[in-house]
Amino acid sequence: MAVLVWDKSEDRRYESGVSKGVLFPKKTDGTDAYENGVAWSGLTGVTESPSGADVTDLWADNIKYASLRAEETFGATIEAYTYPDEFEECNGSTEAAEGVYIGQQKRRAFGFAYRTDIGIGEDSEAGYKLNLVYNATVSPSEKGYESRNDSPDAVAMSWEVSTTSVSVAEHKPTAHITIDSTKVKDKAKLKELEDKLYGTAEAEPTLPSPDEVLAIFAAA
């Protein structure tokens, strides 16, 4: 019989950091396709905040008859010091003339990719997770300015993200996919996905659909 052992070095896993943000504005042709990706520099944080999945109890004959669980939705908060120009329309701003932006406009949907590091034991960079977010929109957010003083700081911005799930073959719809590099044995498949997300000398960065992602990692 096996005996349980706690706190083995290989089991001391944790996540930290956020990097390699990529924005994929959604095309405006009525399809589920996205424009080519652009790098999101200045990214400081992504807080994932799923909601829903609440339980409704059904009662009959003076006992609990069943429990129904609501659908879950994916939400997040993006924090950054800056954002790519292509995010202006996603943030409800339109460039009416060169350098002139009008707010309170229609907010464009987008896809988003980011990476978090995985630490195992003493190795803080043992691997990473790729996070892919689909069909996202952001709500208006605050931006606070203050007088420069003897403790200067850059203006930090944040956006509340809502999503609408997209279909996935043989699975329930989703708006969020995570790929764990420490669990993927075939690193060539991981590189294939990263080449799509980040681009190569021959190809522009693109956001593959959930079905395309699953096809990459399908067993040979």
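Since this is a predicted model, take the numbers as computed values, not measurements.
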Checklist entry - Passes salt bridge (charged side-chain N to carboxylate O under 4.0 Å, His left out), Glu35 versus Arg108? Steps please. => result CA-CA 12 Å; Glu35 304 283 0; Arg108 188 174 183 179; 3.2 Å; yes
Checklist entry - Are Val38 and Phe87 close enough, and set up right, to give a side-chain contact (heavy atoms from CB on, under 4.5 Å), and what steps lead you there? => result CA-CA 10 Å; Val38 293; Phe87 188 69; over 6 Å; no
Item to check | side-chain contact (heavy atoms from CB on, under 4.5 Å) between Val22 and Leu197, worked out | outcome: CA-CA 8 Å; Val22 186; Leu197 293 173; 5.6 Å; no
Checklist entry - Run the side-chain hydrogen bond (donor to acceptor under 3.5 Å, both in side chains) check on Ser67 and Asp57 step by step: do they pass? => result CA-CA 4 Å; Ser67 294; Asp57 293 332; 2.8 Å; yes
Next on the checklist: side-chain contact (heavy atoms from CB on, under 4.5 Å) for Lys26 and Tyr34? Distances and angles first, verdict last.
Outcome noted: CA-CA 4 Å; Lys26 196 169 185 180; Tyr34 295 85; 4.0 Å; yes
Next on the checklist: Between Leu207 and Tyr134, is the side-chain contact (heavy atoms from CB on, under 4.5 Å) condition met? List the steps.
Outcome noted: CA-CA 9 Å; Leu207 179 63; Tyr134 297 87; 3.8 Å; yes
Next on the checklist: Working note: Thr31 + Asp29, criterion side-chain hydrogen bond (donor to acceptor under 3.5 Å, both in side chains); need CA distance, chi angles, decisive distance, verdict.
Outcome noted: CA-CA 6 Å; Thr31 68; Asp29 56 4; 2.7 Å; yes
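Ionic pairing of Lys27 and Asp32 is not present here: no N-O contact between side-chain nitrogen and carboxylate oxygen is shorter than 4.0 angstrom. Salt-bridge check for Glu192 with Lys187: failed, with every basic side-chain N at 4.0 Å or more from each acidic carboxylate O. Under the 4.0 Å criterion applied to side-chain N and carboxylate O atoms, Asp180 and Arg13 are assigned as salt-bridge partners.
Under 3.5 Å, the side chains of Tyr83 and Glu88 contain a donor-acceptor pair of N or O atoms. For the residue pair Ser16 and Asp117, no side-chain donor N or O sits within less than 3.5 Å of a side-chain acceptor on the partner. Using a 3.5 Å distance cut-off with no hydrogens or angles, the side chains of Asp211 and Ser209 do not pair a donor with an acceptor.
The shortest heavy-atom contact between Ser41 and Thr82 is O-CG2, 3.4 Å. Considering all non-hydrogen atoms of both residues, Trp159 and Ala80 come closest at CZ3-CB, 4.0 Å. Of all non-hydrogen atoms in Ile118 and Glu15, the two that sit nearest each other are CG1-CG, 4.3 Å. Nearest heavy-atom pair, Ile120 versus Tyr14, reported as atom, atom and distance to 0.1 Å: N-CE2, 4.2 Å. Nearest heavy-atom pair, Leu130 versus Leu190, reported as atom, atom and distance to 0.1 Å: CD1-CD1, 4.2 Å. Across Cys90 and Ala109, no two heavy atoms sit closer than the pair SG-O, 4.4 Å.
With hydrophobic clusters built from ILVMFWY side chains whose heavy atoms lie under 4.5 angstrom apart, Tyr128 shares a cluster with Phe217.
Cation-pi check for Lys20 over Tyr198 is met; the charged atom lies under 6.0 angstrom from the ring centroid and within 45 degrees of its normal.
Screening Thr137, Thr47, Thr77 against Glu160 for a side chain to side chain donor-acceptor pair (under 3.5 Å) leaves a single residue, Thr77.
Between the Trp59 side chain and the Ala66 main chain, no donor and acceptor come within less than 3.5 Å of each other. For Thr200 (side chain) and Glu202 (main-chain N/O), a donor-acceptor pair under 3.5 Å exists by modelled atom type. In terms of modelled atom types and a separation under 3.5 Å, the side chain of Gln105 and the main chain of Gly103 share a donor-acceptor contact. Side chain of Asn36 to backbone of Glu204: no donor-acceptor contact under 3.5 angstrom is found. Remark: the backbone N or O of Ser93 is not paired with any side-chain donor or acceptor of Asn91 at under 3.5 angstrom.
Atom CG of Leu43 sits about 13.0 Å away from atom CZ of Arg115, to the nearest 0.5 Å. Rounding to the nearest 0.5 angstrom, the gap separating the CD atom in Glu194 from the CD1 atom in Ile216 is 10.5 Å. Taking OG1 from Thr94 and CD from Gln104, the interatomic distance works out to 11.5 Å, rounded to the nearest 0.5 Å. Here the straight-line distance linking atom CH2 of Trp40 with atom CG of Leu23 works out to 6.0 Å at 0.5 Å rounding. In this structure, CG in Asp186 is found 12.5 Å from NZ in Lys191, a value given to the nearest 0.5 Å. Of the inter-residue distances, the one linking Ile179 atom CD1 with Ile177 atom CD1 reads 6.0 Å to the nearest 0.5 angstrom.
Within 6.0 Å of CD in Glu95 there are more than 12 heavy atoms belonging to other residues, nucleotides or ligands.
Contact annotation: the side chain of Val46 never approaches that of Thr116 to less than 4.5 Å [non-hydrogen atoms, C-beta and beyond]. Using a 4.5 Å cut-off on side-chain heavy atoms (C-beta onward), Asn135 and Ser165 make no contact. Using a 4.5 Å heavy-atom cutoff, the side chains of Lys196 and Val213 are not in contact. Side chains of Thr174 and Phe74 form no contact here, defined as non-hydrogen atoms less than 4.5 Å apart.
Applying the salt bridge (charged side-chain N to carboxylate O under 4.0 Å, His left out) criterion to Lys172, with sequence neighbours excluded, gives Glu71.
Using a 30° and 60° split on the angle between ring planes, His176 and Tyr114 fall in the parallel class, below 30°.
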